[in-house]
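In what follows, a single structure is set out as structure tokens and then discussed.
Note on naming: letters A, B, ... go to the chains in the order of the sequence lines (proteins, then strands), and numbering restarts at 1 for each one.
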Amino acid sequence: MAEQLYNAIFVGSIYALFAVGFALVFSVLDILNLAHPVVFMLGAFVALFCMSTFGLPAAIAAVAAFLVTGLFGIFLDRLAFAPLRRRGAPPLSAMISSLGFAIVVIRLMELRYGPDLTSYPAGSLPQTVVQIGDARVDGLRLLIIGLAILLMAALTYVVRATQLGRDIRALAENPRAARLLGVDVDRAIAATFFISSGLGGVAGALLGFAYNAIYPQMGTPYELKAFTVMVVGGMGSLPGAVLGAYILGIGEIAALVFLPAELAELRDAFAFGLLFLVLVIRPRGLLGHRAVERA
Amino acid sequence: MDALGEFVRVYQTTIGVIGINALLALSVWITLYAGQLTLGNAAFMAIGAYGAALLGMRLGVPFPLGLVLGAGLSATLALPLGLAVFRLRGVYLAIATIGFGEVVRVLLLTLPFTGKALGLNGIPPLTELWHIYLSLVVVAYVLWRVQGSTVGRAWAAIREDEIAAASQGIAIRRYKLAAFVAGAALAAWAGGLSAHLNFSIEPGDFGFTRAVQILVYAVVGGTPSVAGPILGATLLTALPEILRPLREYRDIFAGLILMGVIIYLPRGLVTLAELRKTRRLQEIGAADVA
Amino acid sequence: MRTRLFALAAATSVLLAACGGGTPGAQPSASTGPKADIKVGLAISLTGAANIYGPAQQNGAKLAMEQINTAGGIDGAKIALVVEDDASARDQGITVFRKLINEDKVAAILGPTLSGVAAGAHPVAQQAGLPVIAISNTGVGIVGKCDYGACDWIFRASLGEETALPAALKAAKDKLNLKKVVLMFESDQKFAADGADIFKKAAADNGITIARTIPYKTADVDFSAFVTQAKGESPDAILASGLAGTASKVLIEVGKQFPQGLRVVGSNGFNSPAVITAAGAAAPNMIVGTAWNKASTDKTNTDFVKAFKDKYGTDPDQFATQAYTAMIVLADAMKRSGNATDKASLKKALEATKDLATPLGAFSFTPEHDVKQPVFVMTVKDGQFVPFN
Amino acid sequence: MLLECDGISKRFGGVHAVAEVDLAVAPGQVFGLIGPNGAGKTTLVNLISGHLRIDAGAIRFAGADVTRLAPHALTARGIARTFQGVRLFKGLTVLENVLVGRHARMRSDVLRRLWPRGAPDRRDRESAGLLLERLGLKRPQALAGELAYGDQRRLEIARALASEPRLLILDEPAAGMNPAESARLRELMRALVAEGLTIVLIEHDVRLVMGTCERVAVLNFGRKIAEGTPVEIQASPIVREAYLGSEDAA
């Protein structure tokens with residue numbers, strides 16, 4: 001049982017890292033960024049490139065993944081979202097634009113690296129097993145859980161306590177007012193995309209380390225999970241996204257453990273049923289604050 | 001004429017799928033026109049497809065009746081769903097309907113009579129091209145006429161400003177629900193036609209990707225008029241065939257075209273037709289001056 | 001408003017005319033030699049979800065075509081391969097089949113890559129009365145008894161799971177004395193669900209108890225929980241039916257949670273060099289029934305592997321080998337048929353294929369048009385597939 | 001009495017936005033509602049028009065209890081309103097806005113429109129055109145969002161009148177109007193009242209209120225602090241105190 005809880009926390013951590021970046025862009029700019037899975041995948045490939053071409057250690061590769069995908073996020077914004085923002089297009093347009101962008105990048109990666117699974121160079125990843133009680137725990141995963149929590153704490157700090165964070169929050173509240181208050185809106189948007197994509201990229205690299213199998217479509221399964229996570233936690237709330245991620249991770253595994261074998265097939269229905277219920281009963285999610293427009 | 005016959009023979013599936021996608025795009029257009037962003041139409045399509053196919057194969061229900069019953073079933077399910085999500089707007093509604101879609105997909109993978117992951121195979125191919133295009137013509141005409149009616153105006157008013165619309169005597173909930181249910185029934189109708197188009201269906205055909213596709217057809221085509229979704233579905237469905245010579249690069253071009261349309265044609269592909277009109281007006285103007 | 005509707009109709013017809021005029025021109029018939037080429041269609045997934053397999057199949061079939069043409073072709077006529085991508089989508093697969101049949105007038109078709117696409121595309125060829133050889137469909141209902149009715153024009157060169165999985169399970173049982181197993185399968189994939197059913201039947205036939213069935217989905221991310229649950233049953237082995245993407249994840253988790261080692265009897269999805277690389281140290285746990293033993297010292301096989309490596313710089317995988325084999329089988333039948341472009345005689349000649357030497361071993365078709373060939377039960381050692389026994 | 005509010009209250013969180021307000025509006029009256037910013041005027045209007053759920057109290061309209069009715073049902077019974085800050089359907093044309101306003105008085109014409117030559121709403125279009133003329137709006141096919149601000153205000157009034165109301169609630173209709181427009185608005189209100197319409201006027205422009213209304217109620221902190229004729233209100237010390245220091249008193 002303890003082992004399953006550990007599994008759940010690991011899954012939740014990966015969901016959280018993915019969803020937090022996704023939620024950040026949504027909360028600040030109201031954009032559902034369907035290219036986020038692409039950023040996630042690119043992170044894994046950047047790490048691969050660093051390790052196989054330059055022989056860098058995994059830790060440095062992860063940092064490189066953060067920086068490169070962060071910059072890529074700014075590029076993504078300039079290309080796919082900025083033109084729409086300038087003319088005040090509805091959020092739906094941004095969603096479709098990012099979808100087109102994602103198709104292009106995934107296909108380019110498939111043409112370059114092949115659609116098949118790729119692995120990190122042998123021996124480049126730490127392999128330790130930690131014995132906790134009678135449970136054997138993969139050291140790498142423990143490290144990843146720790147890193148995920150650390151990164152989310154850092155994000156919380158940046159958003160809550162720095163000038164940049166205040167600018168981003170002002171932007172999220174009301175872009176026009178933010179501009180009037182002297183916030184450098186363009187810089188805040190760029191920062192939002194840098195942080196969001198950087199986190200997504202690190203998540204991809206870490207996940208790549210954990211499974212040692214990366215491929216161009218690897219981010220796609222997380223998209224629907226991220227929706228669920230955001231809705232359950234509360235759209236536009238970063239702590240909500242983290243909470244939602246762990247709830248989903250634990251819920252999925254609890255459904256696996258406690259459902260009788262004949263109903264095991266219904267496990268996913270529980271996740272999405274949960275999503276649906278939350279929306280109907282409490283549309284703003286557990287920690288959210290604005291789902292239903294007021295009069 | 002011979003060349004045309006040949007063309008139709010080769011591309012009859014593509015032509016059929018274009019018509020079905022146009023119907024699907026119109027199904028989501030109805031809700032968009034009423035200001036609701038739904039991503040549940042793939043699930044309603046699935047209900048229509050499985051409904052029509054199962055009724056025909058297991059119970060021997062005639063094809064047209066199967067279509068009607070599939071659409072009816074879908075509408076019946078849409079009613080309570082619409083009531084449940086009625087308060088949600090924008091992206092929240094979209095995500096709630098995604099949740100519904102996934103639940104439907106998981107059920108199709110689980111229920112004893114849906115063939116699970118294997119789907120339904122050996123569905124008799126009863127759908128003729130004229131079924132699809134007759135449906136499309138009728139639906140397009142009806143929607144075009146509805147646009148100028150009290151109902152169409154009420155939907156547009158709700159889309160523009162729900163609060164103000166309520167003050168004009170529009171029963172918001174009833175009209176939103178009507179749009180939602182009509183969209184669900186139409187999507188199911190298209191689903192029933194598609195199930196009988198080519199032998200087999202499986203749950204994977206009706207997932208998130210499909211839901212997004214349907215929405216993309218409508219939005220890329222342009223939502224202001226009925227023509228937009230039809231145009232969008234036609235072009236985007238034909239695109240893989242048109243881009244076939246590009247071989248492994250065709251996805252890239254499809255993606256770029258998607259971005260290009262969204263960024264440079266704010267009102268969708270129908271803007272192209274309008275542009276041509278204005279240019280002609282300018283030419284006439286120029287002639288006057290000369 | 002009315003003008004808009006007309007504009008739309010006009011635009012649509014222009015568009016249709018455009019693809020009508022454009023597509024045939026864009027696909028010029030391959031070079032015409034002194035004797036008219038015999039066109040063979042290859043309908044595969046170069047893009048879309050199954051784009052892992054299509055390119056390998058294309059390489060295999062092309063290599064075979066070149067070898068046949070260099071050796072004099074079919075009575076002096078060259079084979080021209082017409083390759084079309086179905087984008088892993090059924091609708092496109094159907095269109096591709098129609099195009100190959102009506103526009104390119106091919107003599108036979110190889111493909112499509114996915115069983116789901118085949119379910120829609122094969123009936124088109126069946127209706128037109130054109131021989132088809134399935135080169136990678138391993139599911140149920142491809143040949144013999146088909147859901148869409150008669151399918152006597154369809155042949156299969158790929159070893160079905162109905163044959164491969166029981167063989168692998170039997171070999172594992174004989175050697176490891178299996179009594180209790182856990183079955184894991186990718187429940188939203190048609191092909192994997194087929195495999196699970198076959199596993200269940202094979203287990204019953206061999207007197208093996210399936211203690212628990214654990215379904216998972218393609219989109220599942222982490223497999224630790226599934227394997228932990230399997231561990232709770234303390235099984236003698238795990239049976240796993242899934243695609244390549246999830247196969248390595250299953251193996252990695254089993255490697256982690258069973259440090260003393262636990263055998264995984266896998267479906268065709270496990271049968272890929274990429275899975276070996278991704279699974280790393282955990283790969284040797286795998287047992288899989290395959291259509292092909294790369295290490296086979298049979299000369300037909302070693303020649304093929306060498307020629308493939310010389311041409312493409314990489315080792316062939318099973319998909320490439322099966323596509324290559326299907327092409328060889330087709331050419332052989334064409335030579336024997338007397339008239340390669342006569343569909344009925346080609347079908348007859350295919351049916352008469354008997355113990356043809358191929359990289360897969362001696363190749364024949366059963367009366368149901370299914371492949372009859374040796375089955376190789378393999379495991380992994382030093383990063384290579386090696387015979388299990 | 002046409003409209004009677006009996007002790008109606010509304011709370012947001014812990015704050016009493018409207019507290020036990022009684023109102024009685026007689027038919028054919030222009031009834032003024034004034035008060036400093038945040039006094040609860042708009043909340044009161046939202047309660048009467050059904051956009052907010054009432055916490056306590058009752059509303060009667062033309063003798064019937066309408067406390068829990070939805071906005072569209074109230075419109076059908078004859079209550080129309082405009083919004084503080086215009087809420088037009090900006091993407092629809094001027095004419096369409098007015099036609100939407102007539103929604104409560106039109107029967108669904110979907111089925112009749114399916115006949116290709118059917119134009120079942122011709123009469124509605126004509127009367128909408130007359131309304132536009134009366135309000136001095138000249139471009140029926142222009143998009144509402146493209147109109148100048150003053151025109152938008154008048155279009156909103158036209159839209160409200162299209163539902164043939166018995167009670168018209170105007171929420172700060174003169175905001176943003178120049179003196180000439182404001183004067184024309186006063187003319188219009190007089191003419192409408194002469195035709196039998198009852199008007200509740202919420203306004204900051206005290207001069208407009210005093211010049212037009214027969215009775216005036218004053219709200220402050222959600223409570224009604226005074227009611228009477230314009231003259232009485234102007235003389236009331238309580239009202240003066242409430243407005244003291246407030247620019248609105250000017």
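Residue with the most contacts toward chain B among D/A76, D/S108, D/A162, D/A70: D/S108 (heavy-atom pairs, distance under 4.5 Å).
Looking at D/D109, both its backbone and its side chain come within 4.5 Å of chain B, counting heavy atoms on both sides. Residue B/R173: no heavy atom, backbone or side chain, is found under 4.5 Å from chain D. Using a 4.5 Å cut-off between heavy atoms, D/R105 does not touch chain B at all. Contact annotation for B/V146: only side-chain heavy atoms (C-beta onward) come within less than 4.5 Å of a heavy atom of chain D. Neither the backbone nor the side chain of D/S49 has a heavy atom closer than 4.5 Å to any heavy atom of chain B.
If you look at D/H103 and B/Y175, their ring centroids are closer than 6.0 Å.
Between B/G148 and D/R125, the shortest heavy-atom contact is O-NH2, 4.4 Å. Annotation for B/A157 and D/L92: closest pair N-CD1, 4.3 Å, computed over non-hydrogen atoms. Nearest approach of D/A104 to B/G169, heavy atoms of both residues: CB-CA, 4.2 Å. Residue D/W115 comes nearest to B/Y141 through the heavy atom pair C-OH, 3.8 Å, listed as atom of the first residue, atom of the second, then distance.
Under a cut-off of 6.0 angstrom, the local environment of CZ in D/R134 is crowded, with over 12 non-hydrogen atoms contributed by other residues, nucleotides or ligands. Atom CZ of D/R186 is surrounded by more than 12 heavy atoms from other residues, nucleotides or ligands within 6.0 Å.
The distance from atom OG1 of B/T150 to atom CZ of D/R102, rounded to the nearest 0.5 Å, is 12.0 Å. Summarising the geometry, atom CZ belonging to D/F89 is positioned 9.0 Å from atom CD1 belonging to B/I158; distances are rounded to the nearest 0.5 Å. Summarising the geometry, atom CG belonging to B/D161 is positioned 10.0 Å from atom CG belonging to D/N97; distances are rounded to the nearest 0.5 Å. Atom CD of B/E162 and atom CZ of D/R87 lie 10.0 Å apart (nearest 0.5 Å). Taken from CZ in B/R145 to CG in D/L114, the straight-line distance is 8.0 Å, to the nearest 0.5 Å.
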- Dump the intermediate steps for side chain to side chain contact (heavy atoms under 4.5 Å, CB included) on B/Q168 and D/T75, then the final yes or no. CA-CA 6 Å; B/Q168 314 313 316; D/T75 311; 5.6 Å; no
- Query: Stepwise, does the side chain to side chain contact (heavy atoms under 4.5 Å, CB included) test hold for B/R153 with D/D121?
  - Reply: CA-CA 12 Å; B/R153 270 198 306 272; D/D121 56 356; 3.7 Å; yes
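If you check the side chains of B/S167 and D/H72, you find no donor sitting under 3.5 Å from an acceptor.
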